[in-house]
Amino acid sequence: MPMEKYLQQAKSLLAKMTVEEKIAQLIQIPYAQYGREASLEWAKKGAGSFLHLSAEQAEEIQAVALQSRVGIPVLFGIDAVRGHALNDKATIFPTQLALACTWDRALVQEVGKATAREVAADGIHWTFSPLLCLARDTRWGRCNETFGEDPYLTGELAKAMIEGYQGEDLAEENSILACAKHYIAYGEAVGGRDATDSEVTYRKVREVFLPPFQKAVEAGVASIMTAYGSLDGTPLTIDGHALRNILKEELGFQGFVVTDWANVTNLVEKQHIAKDAKEASKLALEAGNDMIMSSPEFYDAILSLLQAGEIDEKYIDEACLRILCVKLAVNLWDKAKTSKKSNIVGQESHQKQSLESARRSLTLLKNDGTLPLQNKYKKIALFGANADDIRAQYGDWTYFTHPLPYPDRQATRPYTTLKEGMEKCSADRALECKYLRACGPIADDSDDIEAAINLARQAEVIIYAIGDEISQIGEGKDRANLALSGRQEELFGELQKLGKPIVCVLIASKPLAIENIAENCNALLCAFNGGAHGGQAIAEALFGEFSPSGRLPISFPRHSGQLPVYYNQLPGWHSWNPEFPDGKYADLDPTPLFAFGEGKGYSKVSYHDFCFDPANLQAKIRVQNNGEYSVFETVQVYVRDLVSSILTPIKRLVAFQQVELQAGESKSISIELKKEDFTLINRKEEAVLEPGEFTVFVGASSKDEDLLSETFYLG
Ligand code: GLC
């Protein structure tokens, strides 16, 4: 988003503004939490932005703002992070983690476009999305909001989503501002404990966490959100090196930086880095934050600092100019007057898109041939609370959970739970499907293992939905133990004794430690949180109406104690045991339960004729569909630097390409790499290509047994 284009116009606006009006532009007020009266007062004071409000509330606030002396329209923001899902009439898409299983840039971009249409139709201009954090310690409560553990995949899908939200031109009617968050390394918090310190160096930031933000900036993202946490003891909110030197100067970010919720307040109350609001506000503004979310004390603090000559007005001007440039870029003066279009919110074509996204997100992790069900079994028993709980199926960031918790809210149609999907698919095939809750992620008095066993005895195949639920997901809901909660494992053990085929379906916000179930079930389908139509998509896949094509964007641990278990580890696990030259735990298999990039289908796909041309860094491969189902195959390319001056990952994803293969079809594809794919970040934080030998891997997942490789010299 070229700031220069609007700078002159913004400067002439700024020149007309009083210092109070300039500071007010930096203030963002949470309508839902502050309520109508307080929000209207802030609108009269000239607050530049509000978040978490409905179309009607926004209209009232905007009308007040336009009557103010300088009449600068207000920017409205919302967490439309999986569709405009805080509005209960909107289309609810799969979560980012589920979308990431599709590895489909175009699909993710279309989800962004549909979301933007619905948000814009409500007169809201901005979404606090996409989230670029990496989920490398899955105890963290917000994994569902990520695109998984890998910097390259996250960057690619984030870029696609930003382009979907922002369109060709921010001024277009259906374009909204995107917000790349949370800057930076927020998901790396110690112990998976949300918003604690991330013990990383700036070198590690540049190697692992910065690349997705670089792609977001290159894609013209209009805003970036400062993380709650801290890097090696320095809160991001006051980290001028991260915000000014790296983000604004080195990467050339042209939009504005908004803090996360009450970051300035928390400098005093939680991080104890400032003694009072004045010190906190000064630190935050001078470090490079432009808009201050939910810390209204910032207004009086900065005003008094300015009047006492304790802060330079240039900081206020720079922040205000960035915000004004974005408001001009979105043509806010016109958008503020456009009427709302409620018929667009939740429209049929978006519902179909959500269903197709859910289908493509399904990832088959195990199958001994029990799937697809087709008409093999006349009597089906379905168990698990998550098969009939739309809140659990949704997961986080919908009208159930935000902007305030709404425990008594009723679900709004359209949606399909797994129970409903299975009942429909069974009825279409004149099969019998009987459901019993039996138990769920939270044990309660309605659990009934015995009744489940009695029902299972009458069935020929068992479908069992396992997972987690809202009380275990999100901010401040990190988990120390990723084993299945409640009596879910117990039920599995009892079902297993019956000796009937058991198909497990994971409806959860993140990978759970399900080693026992993975080893003893007959088939395992990972759905994560598939949105409004997730239940229909799962049922269709189980019956074989299509082949699952999802690939994991995140590794599954066997045990919580194994974390972090991400695939792109550094070498060096030391072991004297010759049986495990690369090291192992004394008490656990060292490999992940399921690997990054892993996923099966109903057709076996094989890879052939791999060759790599070092001269033009081109990989060629032929993929063959050996089955009767058409599939989307995700060809993955990894690299390894065999000898480097600093430890580099045992393998690193640098490219992927999706190819649709009809039954029996074979296709040859070529994938061009770039020299940057072989660089590392040295101790001086420079990206360098060290001449030497490299290995390129091509295949169906990050597992060695799924990869073909060639080693070559690159100078
Ligand atoms: C929240 C989250 C952030 C969200 C913001 C506004 O606490 O950390 O992701 O966009 O506040 O709701």
Side-chain angles (χ1 to χ4, degrees), residues 27-34 39 47-54 57-58 75-87 95-97 115 119 124-135 140-147 154 158 161-162 165 176-189 192-196 198 212-213 216 221-230 235-237 255-267 269-271 289 291-296 395-406 473-478 509:
I27 298 289
Q28 183 181 57
I29 295 295
Y31 188 102
Q33 287 75 6
Y34 282 34
S39 297
S49 176
F50 286 74
L51 73 152
H52 291 162
L53 68 180
S54 66
Q57 293 162 345
L75 201 57
F76 296 123
I78 195 166
D79 290 279
V81 302
R82 35 94 58 90
H84 184 21
L86 273 56
N87 172 336
T95 57
Q96 269 190 214
L97 189 62
T115 302
V119 169
I124 307 290
H125 317 110
W126 180 21
T127 179
F128 306 118
S129 171
L131 184 138
L132 276 57
C133 310
L134 303 181
W140 185 41
R142 302 186 69 173
C143 296
N144 70 96
E145 300 178 58
T146 73
F147 283 125
T154 294
M161 192 165 252
I162 289 163
Y165 288 144
I176 59 172
L177 301 176
C179 181
K181 70 184 187 182
H182 304 80
Y183 187 77
I184 194 165
Y186 167 50
E188 198 73 359
R193 293 189 288 275
D194 189 54
T196 55
S198 299
F213 284 93
V221 72
S223 65
I224 286 183
M225 186 182 290
T226 317
Y228 281 141
S230 51
L236 270 305
T237 310
F256 66 81
V257 172
V258 58
T259 71
D260 199 347
W261 189 278
N263 278 17
V264 171
T265 310
N266 290 336
L267 289 174
E269 294 183 4
K270 294 195 175 161
Q271 293 171 311
N289 295 282
M291 186 179 283
I292 310 298
M293 181 191 292
S294 304
S295 294
D396 207 3
W397 290 104
T398 70
Y399 57 85
F400 284 128
T401 58
H402 287 83
L404 299 168
Y406 302 101
I473 306 171
E475 255 181 82
K477 296 171 189 163
D478 313 315
S509 67

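All values below were derived from every heavy atom in this structure, side-chain atoms included, with hydrogens, water molecules and symmetry-related copies excluded. These numbers come from a predicted model, not from an experiment. Whatever order the structure lists them in is the order used to number ligands and atoms, beginning at 1.
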Using side-chain heavy atoms (C-beta onward) and a distance below 4.5 Å, is Asn289 in contact with Thr237? yes

Residue by residue, ordered by chain and number, which ones reach under 4.0 Å of ligand 1 with a heavy atom? Leu51, His52, Asp79, Phe128, Arg142, Lys181, His182, Met225, Tyr228, Asp260, Trp261, Met293, Trp397, Glu475

Side chain of Gln28, backbone of Thr259: donor and acceptor closer than 3.5 Å? no

With a 3.5 Å distance limit and no angle check, can you tell me whether Glu145 reaches the backbone of Gly474 through a side-chain donor-acceptor pair? no

According to ring pair (Phe, Tyr, Trp, His ring centres under 6.0 Å), who are the partners of Tyr31, at least two apart in sequence or on a separate chain? none

I'd like to know if the side chain of Thr127 reaches the main chain of Ala80, judged simply by a donor and an acceptor atom lying under 3.5 Å from each other, with no hydrogens or angles considered. yes

How about Arg142 and Tyr186: do any of their side-chain heavy atoms sit closer than 4.5 Å? yes

